[in-house]
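See structure below.
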Amino acid sequence: MWKKLLLGPRPSNEAVENPLYNGIDRGRLPVHTAIIMDGNGRWAEGRGLLRTAGHTAGVDALKQVLKVAIDLELPALTVYAFSTENWKRPHTEVDFLMRLFVDYLTKEIDEMDEDNVKLRFLGRMDELSPALKDLARVAVERMKDNTGVCFNVAMNYGGKDEILRATREIARRAQARALSPEDVDEKLFESCLDTEGLPPVDFVIRTSGDMRLSNYLLWQAAYAEFWFTDTNWPDFTPACFVEALKDFGKRKRRFGGLKNK
Ligand code: FPP
């Protein structure tokens, strides 16, 4: 079903003709790209700026990357905005990030909707501020029937936490005798994850040099290809994204079997 989307309506002429996209094999683009936008703090510190300036610059990088996803009609893009572990940061930084998310949504909702983006959030939204929660709810509702890029923002998200929440939900249903242990299969389990209905992640990009998953989409990225770069997130340009996408197109994917896919 998701593969068909790649063969769906072509992007606008403007996007097709953009020389940035020359050399991309559109039949070999990832279906679900997940990005760990790391290095905002290091980007700022390297310039003698406050870490928060790095997060502000990170918003611009995100806007440009989403634009590429829209132009190339990538079916799904998920970004790691705030992890369940990020609460350990100083209050001032956490508060700044929360305000930045509110500001981002307030300013970007109209354009996202015009671009036919379907916005969604992964993670424990119930623990966020009422302002952020409300804004997110309204934005999701407004874009729920859009058919373009599924843009997922992981906020207060942790892969282990998500798996535990899904497990608890299944245990509750079993306790209520709504299902038996034999009913628990991948399909049922996936229907209890925050990513319900989304395709598996086939490409993970992480910026800023670290090569780890950091509790991100642990279940969904089981067969993902990885792409790491030393570039800090605020410097991750559309050209960097295109380079990564071209590299994905060259990967041989066997999913544990012998044939390349
Ligand atoms: C990692 O850099 C980044 C974050 C924890 C926050 C990500 C947020 C943005 C990129 C802002 C834009 C996002 C949205 C949804 C509007 P870091 O602070 O861990 O950098 P460091 O590893 O260099 O310290």
Side-chain angles (χ1 to χ4, degrees), residues 33-70 76-113 115 117-125 127-129 131-140 143 149-159 161 194 204-217 228-238 240-241:
T33 303
I35 306 185
I36 302 178
M37 309 179 287
D38 198 12
N40 292 347
R42 277 164 278 180
W43 180 90
E45 281 156 13
R47 286 166 174 73
L49 302 170
L50 292 175
R51 291 177 53 80
T52 47
H55 296 314
T56 305
V59 175
D60 289 333
L62 177 58
K63 284 189 213 162
Q64 294 187 54
V65 161
L66 178 59
K67 183 78 178 69
V68 172
I70 293 164
L77 174 71
T78 301
V79 295
Y80 210 176
F82 194 86
S83 75
T84 44
E85 289 73 35
N86 284 153
W87 296 105
K88 292 183 214 151
R89 295 184 178 212
H91 261 299
T92 45
E93 184 170 341
V94 170
D95 288 351
F96 182 89
L97 279 169
M98 294 300 151
R99 280 201 306 273
L100 193 70
F101 298 148
V102 168
D103 195 47
Y104 170 75
L105 286 178
T106 311
K107 288 189 183 142
E108 296 301 311
I109 285 174
D110 287 346
E111 197 171 329
M112 274 190 225
D113 195 21
D115 284 332
V117 168
K118 184 170 179 162
L119 179 68
R120 179 165 166 177
F121 292 86
L122 314 179
R124 287 172 173 262
M125 295 302 285
E127 290 170 0
L128 299 174
S129 72
L132 185 49
K133 255 188 315 201
D134 287 353
L135 205 51
R137 192 177 35 77
V138 169
V140 168
M143 288 179 243
V149 179
C150 288
F151 176 47
N152 312 296
V153 181
M155 210 176 258
N156 194 18
Y157 173 87
D161 176 72
D194 298 343
V204 174
I205 295 174
R206 182 172 188 146
T207 59
S208 197
D210 290 324
M211 297 188 196
R212 53 176 174 259
L213 205 43
S214 297
N215 203 13
Y216 192 39
L217 300 168
F228 299 104
T229 173
D230 287 337
T231 303
N232 288 321
W233 176 250
D235 286 333
F236 192 79
T237 58
C240 299
F241 191 26

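Each ligand, and each atom within it, is numbered from 1 in the order the structure gives. We count residues from 1, following the sequence as given.
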Could you go through the side-chain contact (heavy atoms from CB on, under 4.5 Å) check for Val153 and Phe82 one step at a time? CA-CA 9 Å; Val153 181; Phe82 194 86; over 6 Å; no
Check step by step if side-chain contact (heavy atoms from CB on, under 4.5 Å) holds for Thr78 and Ile35. CA-CA 6 Å; Thr78 301; Ile35 306 185; over 6 Å; no
N/O contact list for ligand 1, threshold under 3.5 Å:
residue, atom, partner, partner atom, Å
ligand 1, 2 (O), Gly39, N, 3.4
ligand 1, 2 (O), Asn40, N, 3.3
ligand 1, 18 (O), Arg51, NH2, 2.9
ligand 1, 18 (O), Arg89, NH1, 2.8
ligand 1, 19 (O), Asp38, OD1, 3.3
ligand 1, 19 (O), Arg89, NH2, 2.7
ligand 1, 20 (O), Gly39, N, 3.3
ligand 1, 20 (O), Asn40, N, 3.2
ligand 1, 20 (O), Gly41, N, 3.0
ligand 1, 22 (O), Asp38, OD1, 2.9
ligand 1, 22 (O), Arg42, NE, 3.4
ligand 1, 22 (O), Arg42, NH2, 2.8
ligand 1, 23 (O), Gly41, N, 3.4
ligand 1, 23 (O), Arg42, N, 2.7
ligand 1, 23 (O), Arg42, NE, 2.8
ligand 1, 24 (O), Arg51, NH1, 2.9
ligand 1, 24 (O), Arg51, NH2, 3.1

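Note that CG of Leu132 is 12.5 Å distant from CD of Glu127, once rounded to the nearest 0.5 Å. Distance check: Asp38 CG to Tyr216 OH gives 12.0 Å after rounding to the nearest 0.5 Å.
With salt bridges taken as basic N to acidic carboxylate O contacts below 4.0 Å, one links Asp103 and Lys107.
Shown here for Pro234 and Gly54, the closest heavy-atom pair between the two residues is CG-O, 3.7 Å.
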